[in-house]
Amino acid sequence: MADVEAALDQAGLTNPHVREYVQYWADLTGAERVEVVSASDDARLAEEALAAGELLPAGEGLYYSRSYHKDTARSEERTIVATSNPSDAGVYNNWRPSSEMKPLLEGKMRGASAGKTMYVVPYLMAPPGSPLEAFAAGVELTDSRTVVMHMIRMARVGIDYINELADPNSFVRAVHVTGDLENLGHGTPDDARYFVTVADERTILHFGSSYGGNALLGKIAHGLRQAAYDGWASGKFLSEQFMLLGITDKQTGKKYHICGGFPSASGKTNLAMTLAPDALGDRYYVDFYGDDIAWLWVDENDGKLYGMNPEFGVFGVAKDTNEATNPGALHSIDAGSGAIFTNIAYNPDTQEVWWEGKTKNPPEDVTGWEDWKGDKIAERAEGDDSPWAHPNSRFTTTLSNVPNVAPDFNSPAGVPIDAIIFGGRTRDREPLIRAITDLAEGVYDGLTLGAEATFAAEGVDGQLRYDPMSMRPFMSYPEGAYAAHWLTIIGQATEAPLFAHVNWFQRGEDGHFLWPGYRDNLRPLLWLMQLKAGEVTGRQTPVGVIPTKDELNLEGLEIVPEDLDTILTIDNERWQQEIANREVHLTAFTDLPEEIWEAHRRVRADLEADA
């Protein structure tokens, strides 16, 4: 058994509550040794992981890892929010009583780290000094060295964040035990995996994975699920699966900040990291703040809505990332960046990596190349065109590696939010952009956000489903209370943000995209900021204000006029069908605020009157 006291003393970890927590779980899991880590340990950990074969070299200062072939995405049906209060149950949070789940997880974790090192990872999911710092501290215990390295890239890691807490007992207890991955019954009735957030005790217990948000507990489990519950319980903030960017008008000196929710594969990371189109680059500059999580609160002094990205890094989808779609992401994983690639194609002879979309075609010379499972490409059967990289393959890198990262990304004050946008990958229904000026209608629109399913969510490709605020997999309290909390927090702002819904993915009858997307997606956002400033008026429709053709800045853009007409048009008949579907969707939520139902009825009546 590990000598916990000696390990903690040697590391200088003095917080008595943390020490007690580490001792308890070291005893329960049977870890052979305990090691406290900080960000400065990264180089040593990388050397050890390479020597042990846990990582493979992928070029200068770059690393490659493979997860177990059944352990490649979130598992929503295995993800549970547990509390002591049955009224915390919602439609999506898969609520279970903590009195049932805690003993179950402890039973699975008991002795499961025998012979292994328990790494103690003290972290902070916010810049030091943030107004929300009290909700940001955590200590992850994990038996995986590569998980530690991912955490160092995704969070601020060091013992000072824990030793110097204003309330020494105010930290998230996050325990990750990998388990015997090949014998956990993935996807069977005997599935032994559990990913549990005991939200009212600020405790996270994850068993049975070494992948992504299942194992990097500061990210989704704390940064989204636990933080959302904390924000609701405290009444102080929102935690959302949102991107956050800044737009600077170099001509006027004005800077705007926009955050928003996009379900998986709906363009969130590409938008968050976007650059201005070449034709507009002399006037506009885009700053990257974050691609996955935003915490939102109203400053009690100036009454403005503020936002920040609590993360310290990017856990991005590799598929289709290239110089045209997302040059910022591509250069954030350059040689020397310390990036970690997961489940992409790898060539151990040359230490090269590849994924679908990185280049138009895969490497012609397949010598040495292995797919994401480690199988040789050269040994594939004739006609086998299965992907080289897993569709949910990833790269992990720090925010500071992103070329256009905002200079104030680590500011504890956050940034003022001018607009909140929603966008799902839909082939029809949604125009390019529609702005919403009413708070309740904006929240209503977020609650009825829809998108096609993705690999990250283990859905069926092409199937449309509702994903409120893009938080469906991360809800930790009931949807009715969630909507009410949104109305309360945003309603406190003396200067309300605009809401808007965007869609880059509308297609023509022949299947072609009507809008070029990528960097040109800045154009509708510029219109949105002009609308807020009163510089344009747009055209009022039953579902919001949409741009007129002459209001959109189309300088340097080639687009078929008929395509532009289509994406700036509302299909009333299709929308009336949509409204009927929304009503069924919203009816599933108990205690939905009356303001939301009023917004729904108002939009429905306006559509009927406009038919």
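Everything quoted here is computed from the prediction, not taken from an experiment. In what follows, residues are counted from 1 in the order of the sequence shown.
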Decide if atom [atom1] of [X] counts as having more than 12 heavy atoms of other residues, nucleotides or ligands within a radius under 6.0 Å.
| X | atom1 | result |
| --- | --- | --- |
| Tyr68 | OH | yes |
| Glu201 | CD | yes |
| Glu100 | CD | yes |

Taking all non-hydrogen atoms of both residues, which atom of [X] and which atom of [Y] are closest, and how far apart?
| X | Y | result |
| --- | --- | --- |
| Asn343 | Tyr64 | N-CE1, 4.1 Å |
| Phe207 | Gly179 | CE1-CA, 3.8 Å |
| Pro263 | Asp467 | CB-OD2, 3.3 Å |
| Thr426 | Gly450 | CG2-O, 3.7 Å |
| Trp295 | Ser239 | NE1-OG, 3.0 Å |
| Arg225 | Val81 | CD-CG2, 3.7 Å |

Please round to the nearest 0.5 Å and tell me the distance separating atom [atom1] of [X] and atom [atom2] of [Y].
| X | Y | atom1 | atom2 | result |
| --- | --- | --- | --- | --- |
| Arg110 | Trp25 | CZ | CH2 | 8.5 Å |
| Arg66 | Lys373 | CZ | NZ | 12.0 Å |
| Ile162 | Ser170 | CD1 | OG | 9.5 Å |

Sidechain-backbone polar pair: [X] side chain, [Y] backbone, donor-acceptor under 3.5 Å:
| X | Y | result |
| --- | --- | --- |
| Thr29 | Ser113 | no |
| Asp41 | Ser38 | yes |
| His176 | Ser209 | yes |
| Glu356 | Pro391 | no |
| Arg425 | Gly267 | no |
| Asn93 | Ala89 | no |
| Thr359 | Asn361 | yes |
| Tyr194 | Gly208 | no |
| Gln226 | Ala199 | yes |

**Message:** I'd like to know whether Ser144 forms a side-chain contact (heavy atoms from CB on, under 4.5 Å) with His150, so could you lay out the CA-CA distance, the side-chain angles of the two residues, the decisive distance to 0.1 Å, and finally the verdict.
**Reply:** CA-CA 10 Å; Ser144 168; His150 281 281; over 6 Å; no
**Request:** Test side-chain contact (heavy atoms from CB on, under 4.5 Å) on Tyr119 and Leu45 and set out the steps.
**Result:** CA-CA 11 Å; Tyr119 296 96; Leu45 291 167; 4.2 Å; yes
**Request:** Could you tell me whether Lys358 and Glu352 have a side-chain N and a carboxylate O separated by less than 4.0 Å?
**Result:** no
**Ion pair check, Glu106 and Lys102, cut-off under 4.0 Å** = no
**Prompt:** Which of these passes side chain to side chain donor-acceptor pair (under 3.5 Å) with Thr117: Arg33, Glu48, Glu32?
**Reply:** Arg33
**Message:** Against Thr269, only a single residue in Thr325, Asp291, Asp292, Asn326 fulfils side chain to side chain donor-acceptor pair (under 3.5 Å); can you say which?
**Reply:** Asp291
Is any side-chain heavy atom of [X] closer than 4.5 Å to a side-chain heavy atom of [Y]?
| X | Y | value |
| --- | --- | --- |
| Phe422 | Thr448 | no |
| Asp71 | Ser210 | yes |
| Phe589 | Val91 | yes |
| Tyr123 | Met154 | no |
| Arg394 | Tyr211 | yes |
| Leu271 | Met243 | yes |
| Phe242 | Leu296 | yes |
| Leu56 | Pro348 | no |

What residues form a salt bridge (charged side-chain N to carboxylate O under 4.0 Å, His left out) with [X], not counting sequence neighbours?
| X | answer |
| --- | --- |
| Asp371 | Arg380 |
| Glu54 | Arg145 |
| Asp3 | none |

**Asked** Going by the ring-ring contact (aromatic ring centres under 6.0 Å, His included) test, which pairs reach into residues 370-389, not counting sequence neighbours?
**Response** Trp354-Trp388, Trp369-Trp388, Trp372-His390
Pairing donors with acceptors under 3.5 angstrom, does anything connect the side chains of [X] and [Y]?
| X | Y | answer |
| --- | --- | --- |
| Asp143 | Thr178 | yes |
| Asn85 | Thr83 | no |
| Thr398 | Ser400 | yes |
| Asp88 | Tyr229 | yes |
| Thr188 | Asp190 | no |
| Arg78 | Asn214 | no |
| Thr79 | Arg74 | no |

**Message:** Check for me whether the distance between the ring centres of Phe171 and Tyr21 falls short of 6.0 Å.
**Reply:** yes
**Message:** Between Phe237 and Phe135 (judged by ring centroids, cut-off 6.0 Å), do the two rings come close enough to count as a pair?
**Reply:** yes
**Request:** Name the orientation class of the two ring planes belonging to Tyr477 and Trp232 (parallel below 30°, tilted from 30 to 60°, perpendicular beyond 60°).
**Result:** parallel
**Asked** Checking side-chain contact (heavy atoms from CB on, under 4.5 Å) for the pair Arg153/Asp42: CA distance, chi angles, key distance, verdict?
**Response** CA-CA 9 Å; Arg153 284 150 182 76; Asp42 187 64; 2.7 Å; yes
**Request:** Might you work through the side-chain contact (heavy atoms from CB on, under 4.5 Å) test for Asp375 and Glu379, ending with a clear yes or no?
**Result:** CA-CA 8 Å; Asp375 297 330; Glu379 297 175 4; over 6 Å; no
**Item:** Pairs involving residues 309-321, ordered by first then second residue, that meet side-chain hydrogen bond (donor to acceptor under 3.5 Å, both in side chains) (sequence neighbours left out)
**Value:** Lys219-Glu311
Side-chain donor/acceptor pairs under 3.5 Å, residues 329-337, sequence neighbours excluded:
from: His331; atom 1: ND1; to: Asp334; atom 2: OD2; distance (Å): 3.2
from: His331; atom 1: NE2; to: Glu323; atom 2: OE1; distance (Å): 3.1
from: His331; atom 1: NE2; to: Glu323; atom 2: OE2; distance (Å): 3.3
from: Ser332; atom 1: OG; to: Ala329; atom 2: O; distance (Å): 2.7
from: Ser337; atom 1: OG; to: Asp334; atom 2: O; distance (Å): 2.7
from: Ser337; atom 1: OG; to: Ala339; atom 2: N; distance (Å): 3.3

